[in-house]
Amino acid sequence: MRPVALRTPRLVLDLPAPADADLVTRYCQDPLFERCLTTPWPYSRADAEAFLTTHVPHSWASGIEPTWAIRRHRGGILLGVISVREAQHELGYWMGAEHRGIGLMSEAARAVAEWTLGGGIQGASTVFWRAVVGNVASARVARAVGFRRIEPDDAIVPTRDGGTLPAWYAVREATIDPRAHASWGDVLGVIR
Ligand SMILES: CC(C)(COP(=O)(O)OP(=O)(O)OC[C@H]1O[C@@H](n2cnc3c(N)ncnc32)[C@H](O)[C@@H]1OP(=O)(O)O)[C@@H](O)C(=O)NCCC(=O)NCCS
């Protein structure tokens, strides 16, 4: 698959590049990542270089996990990263700490979900999301994008050491399920 750039009102999603290594290294020192993500921990510059020079090109070429850099404009600094894994069309994302809380990930995640469901990934009729139980910020992104929470008995996320943790799960189809927003009431409290 050839890399595809996506645009939203405030963002450009394009290819993460070797020149992004310093920022990726810095952002991935965030202690939140130790628990919420499976990125290496501790995270080194060599990890960022391997991600940018090997994982990202392979993920696009194989189609296994299209992966984007989130930027304000073409050539702008990398703010965060988002991907969609082919197997279950699972969204994964992180945002550099200083760029959080202004709706940017919700905007990026909506664009990637809609690209996936709109034919970006052939045959994809659902997009999947999951997060470690308690990851409220990520759940709010999923809610904002129109995901509907589901509660299978065995909802888990893998950990970087081969274990698992209990997880929240959600799905989204091309048309947002009218029950989607309310489905988050149990974990995000009062609907707003
Ligand atoms: C999850 C994450 C990507 C959100 O990025 P962001 O750019 O701040 O997201 P947005 O600004 O679009 O915010 C989305 C919602 O989360 C809320 N939010 C943001 N930061 C929050 C926090 N620390 N605690 C609770 N809610 C938070 C926002 O208020 C917003 O809620 P609303 O839509 O109900 O108004 C970011 O916190 C992050 O990178 N976390 C660490 C990595 C991670 O957990 N990735 C997801 C793994 S499943």
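Both ligands and their constituent atoms are indexed starting at 1 by order of listing. Just so you know, these numbers come straight off a predicted model, no measurement behind them.
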Student: Could you check whether F33 and W41 have their ring centres less than 6.0 Å apart?
Tutor: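 No.
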
Student: Once you round to the nearest 0.5 Å, how far does NE2 of H89 lie from CG of L117?
Tutor: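 Nearest 0.5 Å value for the NE2-CG distance: 9.0 Å.
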
Student: Check W168, Y169, W129, F147 against W184 for a ring pair (Phe, Tyr, Trp, His ring centres under 6.0 Å) and give me the one that passes.
Tutor: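 The residue from W168, Y169, W129, F147 that satisfies ring pair (Phe, Tyr, Trp, His ring centres under 6.0 Å) with W184 turns out to be W129.
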
Student: Using a strict cut-off of less than 4.0 Å between a Lys/Arg side-chain nitrogen and an Asp/Glu carboxylate oxygen, indicate whether R35 and D30 qualify as a salt bridge.
Tutor: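 Salt bridge: no.
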
Student: Check each of R140, H99, R100 against atom 16 (O) of ligand 1 and report the one with the nearest heavy atom.
Tutor: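 Of the listed residues, R140 has the closest heavy atom.
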
Student: Under 4.0 Å from a heavy atom of R143: which atoms of ligand 1 are those, numbered in the order shown and with their elements?
Tutor: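 Going through ligand 1 atom by atom, the ones under 4.0 Å from R143 are 34 (O).
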
Student: Please could you name the atoms of ligand 1 that V141 approaches to less than 4.0 Å, counting only its heavy atoms?
Tutor: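 Under 4.0 Å from V141, ligand 1 has these atoms: 4 (C), 9 (O), 14 (C).
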
Student: From R2 CZ over to L15 CG, what is the distance, rounded to the nearest 0.5 angstrom?
Tutor: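 Interatomic distance, R2 CZ to L15 CG, rounded to 0.5 Å: 11.5 Å.
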
Student: What part of I102, side chain from CB on, backbone N/CA/C/O, both or neither, has a heavy atom under 4.0 Å from ligand 1?
Tutor: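 Looking at I102 and ligand 1, just backbone atoms fall under 4.0 Å.
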
Student: Salt bridge or not between R71 and D20? Use side-chain N to carboxylate O under 4.0 Å.
Tutor: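 Salt bridge between R71 and D20, a charged N being under 4.0 Å from a carboxylate O: yes.
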
Student: Distance check, rounded to the nearest 0.5 Å: L165 atom CG versus N135 atom CG?
Tutor: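 Reported to 0.5 Å precision, the distance equals 11.5 Å.
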
Student: Below 4.0 angstrom from a heavy atom of L104, which ligand 1 atoms are there? Numbered from 1 as shown, please.
Tutor: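 By the 4.0 Å cutoff, the relevant atoms are 11 (O), 12 (O).
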
Student: Considering the heavy atoms of R130, write down every atom of ligand 1 situated less than 4.0 Å from one of them.
Tutor: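 That gives atoms 48 (S) of ligand 1.
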
Student: Give the atoms of ligand 1, by number and element, whose distance to some non-hydrogen atom of N135 is under 4.0 Å.
Tutor: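 Counting atoms of ligand 1 from 1, those under 4.0 Å from N135 are 43 (C), 44 (O), 46 (C), 47 (C).
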
Student: I'd like to check whether F33 has a polar contact with ligand 1, where a contact means an N/O of the residue lying under 3.5 Å from an N/O of the ligand.
Tutor: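 No, F33 has no N/O under 3.5 Å of an N/O on ligand 1.
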
Student: Is there a donor in the side chain of T25 and an acceptor in the side chain of D22, or the other way round, less than 3.5 Å apart?
Tutor: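 The criterion, which ignores hydrogens and geometry beyond distance, is not satisfied for D22 and T25.
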
Student: Return a yes/no value for M105: is any of its N or O atoms, backbone included, closer than 3.5 angstrom to an N or O of ligand 1?
Tutor: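 So ligand 1 has an N or O lying under 3.5 Å from an N or O of M105.
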
Student: Should Y93 be counted as touching ligand 1, given the test is an N or O pair under 3.5 Å?
Tutor: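 Between Y93 and ligand 1 (N or O atoms, distance only) the closest approach is under 3.5 Å.
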
Student: In ligand 1, which numbered atoms sit nearer than 4.0 Å to a non-hydrogen atom of G101?
Tutor: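 Selected atoms, number and element: 6 (P), 7 (O), 8 (O), 11 (O).
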
Student: Please could you name the atoms of ligand 1 that W94 approaches to less than 4.0 Å, counting only its heavy atoms?
Tutor: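 So the atoms of ligand 1 that pass are 39 (O), 42 (C).
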
Student: Are T126 and E173 linked by a side-chain donor-acceptor pair shorter than 3.5 Å?
Tutor: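 There is no such pair (donor and acceptor under 3.5 Å, judged by atom type) between the side chains of T126 and E173.
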
Student: Determine, for E151 against R149, whether the closest basic-nitrogen to carboxylate-oxygen distance falls under 4.0 angstrom.
Tutor: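 Salt bridge flag = yes for R149 with E151.
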
Student: Given A97, A142, A144, S138, which has its nearest heavy atom closest to atom 1 (C) of ligand 1?
Tutor: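 Considering heavy atoms of A97, A142, A144, S138, the nearest to atom 1 (C) of ligand 1 sits in S138.
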
Student: Report yes if some N/O of L37 lies less than 3.5 Å from some N/O of ligand 1; otherwise report no.
Tutor: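 It does not: no N or O of L37 is found under 3.5 Å from an N or O of ligand 1.
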
Student: Pick, from A109, A131, S106, A139, the option with the minimum heavy-atom distance to atom 14 (C) of ligand 1.
Tutor: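 Ranked by closest heavy atom to atom 14 (C) of ligand 1, first place is S106.
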
Student: For L188, which part has a heavy atom under 4.0 Å from ligand 1: side chain, backbone, both, or neither?
Tutor: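 The answer is neither; L188 stays 4.0 Å or more away.
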
Student: Select the closest option to atom 24 (N) of ligand 1 among A167, A108, A137, judged by heavy-atom distance.
Tutor: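 Shortest heavy-atom distance from atom 24 (N) of ligand 1: A137.
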
Student: Does the distance from a Lys or Arg side-chain N to an Asp or Glu carboxylate O, for R7 and E107, drop under 4.0 Å?
Tutor: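 Salt bridge absent between R7 and E107.
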
